[in-house]
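Keep in mind that this is a model prediction, so the values were computed, not measured. Just so we're on the same page: letters track the sequence lines, and every chain starts at 1.
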Amino acid sequence: MNTASSDLLTLVFGIFGVLILASAIGYMLQRRFSANGPNAAVDNLNARIKAWWVMVILIGLAFIAGRIGVLVLFAFCSFAALREFVTLINTRRADHWALASAFFIVLPIQYYLLWAEEYGIFAIFIPVYAFLLMPIISVLRGDTERFLLRIAEVQWALMICVFCASHVPALLTLDIPGYEGRNVLLIAFLVIVVQLSDVLQYVWGKLFGRTKIAPNLSPSKTVEGFVGGVISATLIGASLWWITPFTPFQAGLLSFIITLMGFFGGLVMSAVKRDRGVKDWGNLIEGHGGLIDRLDSVVFSAPIFFHVVRYWWSLS
Amino acid sequence: MGLAGGEIRMKALVAKIAAAAVVLFARAITAVRAIWPEEGLPSRPCVYFANHSSHGDFVLVWAVLPPRLRHLARPVAGAEYWLKSKLSAFIGRDVFNAVLIERERENRTQDPIELMTTAIDDGSSLILFPEGTRNQTDARLLPFKSGIFHLVAARPDVELVPVWINNLNRVMPKGEIVPIPLICTVTFGNPLRITPNEGKDAFLERIQAALLALSPKPLGSGE
């Protein structure tokens with residue numbers, strides 16, 4: 001067995017251990033607090049734990065299937081996220097072909113470019129080609145009502161749901177000396193740090209939260225939760241250095257950047273939700289709202305993480 | 001004889017597979033989600049009445065119903081549209097077991113109300129679009145046709161379940177051929193019944209209001 005798969009195995013056992021522990025705690029809380037009727041907080045926690053099991057198993061299966069499995073998984077995530085996003089924006093009949101091409105042409109091409117490892121086009125396809133071509137498709141129908149708003153929203157939807165999200169599987173294309181064949185662990189590192197940061201912010205906030213950090217955007221987020229979550233997720237990230245090409249200090253620093261981006265990404269996406277007058281992006285995952293509700297922090301941290309690693313560690 | 005029996009079975013099998021494929025496709029595009037009423041759905045045959053903006057409307061209602069109730073449900077649709085070609089006749093009749101009614105009063109050979117009451121007497125539920133045609137206007141609902149009143153006047157014990165289908169008109173506006181994936185919801189309201197001595201206009205007004213009450217507020221209106 002090579003080191004990549006033995007590290008992955010250790011990681012998988014570790015994650016399963018954490019999830020089994022979480023499920024056991026959830027079960028005990030339910031016995032304790034929900035004996036005489038449902039308890040919203042405990043039910044929500046248990047729904048979240050159940051959804052994590054599903055996520056971990058799905059990501060695990062994708063890792064087993066290799067590069068194609070990871071690409072297909074994230075292409076589907078982009079599809080579902082784009083569907084949630086477009087549901088909430090101001091589209092008109094005249095945008096029909098632009099939207100159809102976003103789903104059925106732009107999205108598949110972006111993931112194909114990853115498959116073909118065409119980094120040069122991958123990095124500019126949506127910011128340049130889609131950016132210029134989509135408004136052209138929309139303008140051909142001659143409907144100028146709220147035109148700037150409509151084309152801006154479609155571009156934003158593509159940037160967030162397809163361009164940014166595709167930077168998670170893009171980690172597979174990096175060529176880091178001494179780290180060959182282990183890139184899948186970079187995805188695991190990113191996803192674990194971001195998700196743990198979300199969870200730990202929630203837990204710290206529930207335990208010690210006093211001061212609201214952004215009452216207009218997200219009433220449940222507190223300064224105590226933010227500080228506690230970021231510090232503890234950074235420390236856990238540092239302790240995962242052995243699955244990365246980084247030293248413990250570098251792994252901690254990168255985790256710090258990831259958790260900050262994730263936190264502010266969550267704020268930006270809640271501001272968008274507030275603007276559209278909804279509480280959740282959708283109902284895809286029980287207990288988690290929509291897919292974007294779970295992916296917002298990953299989507300904001302993935303491109304920065306990718307480019308930092310690419311600039312300082314990668315050859316290509 | 002054996003051949004004919006085999007052919008019928010074959011056709012039924014193809015219809016079953018086609019129904020599953022249509023539902024799977026509808027779910028993949030719309031991730032459709034049902035919102036159920038507090039009182040739950042009637043377990044006895046009933047009439048689901050819904051807003052109508054797309055040819056796919058009944059597919060979504062059909063797809064979200066629990067299997068036990070789905071098997072009872074038959075959409076009521078225009079014979080003129082669904083019998084136009086062999087394929088659409090197969091989809092209408094064999095795949096979705098539609099109750100096909102003739103909409104043009106002058107050339108009718110069968111009474112639509114009688115077709116519907118027969119289906120209900122046989123133990124089926126109906127999926128009905130009382131607007132009578134697809135709504136292409138900016139109004140949220142078109143005025144209801146009177147058929148639904150005559151139906152419940154003939155079968156006053158049958159419960160009526162209002163069903164609001166949201167967003168499907170944006171998925172595939174009239175004249176487009178490629179659907180845009182968007183999340184759709186199907187909201188079921190509490191069952192209603194006609195009250196004794198209730199007049200046609202009062203009844204139609206009451207059930208239209210019950211249906212409109214299920215429609216969500218427009219996006220971007222804040223809290």
Side-chain angles (χ1 to χ4, degrees), chain A residues 76-108 137-138 141 143 146 149-150 153-154 157 161-162 216-217 219 270-286 289-293, chain B residues 23-38 51 53-57 59-60 63-66 134-140 164-188 214-223:
Chain A
F76 270 104
C77 287
S78 278
F79 178 85
L82 192 60
R83 184 171 61 185
E84 285 175 2
F85 203 105
V86 172
T87 300
L88 295 186
I89 65 180
N90 291 287
T91 58
R92 290 170 62 83
R93 283 286 302 277
D95 302 313
H96 198 87
W97 280 106
L99 289 170
S101 29
F103 279 99
F104 300 118
I105 297 175
V106 177
L107 190 157
I137 298 175
S138 281
R141 294 245 187 137
D143 178 358
R146 287 179 295 174
L149 186 63
R150 280 157 41 206
E153 282 180 334
V154 173
C161 304
V162 183
N216 291 331
L217 298 175
S270 359
V272 176
K273 280 192 288 189
R274 294 258 145 176
D275 172 31
R276 307 312 300 156
V278 294
K279 213 180 122 276
D280 286 322
W281 283 97
N283 288 277
L284 194 68
I285 317 172
E286 190 197 344
L291 186 66
I292 301 182
D293 290 296
Chain B
V23 169
L24 192 71
F25 179 71
R27 281 192 177 278
I29 294 292
T30 67
V32 60
R33 185 170 64 94
I35 301 168
W36 305 112
E38 300 120 45
N51 57 318
S53 56
S54 149
H55 285 309
D57 282 337
V59 176
L60 280 202
V64 295
L65 283 174
R134 281 178 297 154
N135 179 2
Q136 308 288 347
T137 68
D138 286 334
R140 286 194 294 168
W164 186 270
I165 302 164
N166 195 42
N167 245 356
L168 195 60
N169 53 336
R170 283 175 68 206
V171 170
M172 202 148 154
K174 194 181 183 181
E176 304 290 354
I177 43 172
V178 181
I180 301 175
L182 291 174
I183 295 175
C184 295
T185 50
V186 179
T187 310
F188 293 77
L214 303 176
S215 72
K217 55 182 189 275
L219 279 177
S221 54
E223 271 144 296

Closest non-hydrogen atom pair between B/Pro179 and A/Phe104, with its separation: O-CE1, 3.3 Å
Interchain contact, A/Phe85 with chain B, by part (heavy-atom threshold 4.5 Å): neither
Lys/Arg-Asp/Glu bridge criterion (N-O < 4.0 Å) met for B/Glu176, A/Arg141: yes
Contact origin within B/Thr30 toward chain A - heavy atom pairs under 4.5 Å: backbone
Most contacts with chain A, counted as non-hydrogen pairs under 4.5 angstrom, among B/Ala28, B/Cys184, B/Gly175: B/Ala28
Donor-acceptor contact present, side-chain A/His96 to main-chain B/Val178, <3.5 Å: yes
Expected output: side-chain B/Arg170 to main-chain A/Thr87 donor-acceptor under 3.5 Å: yes
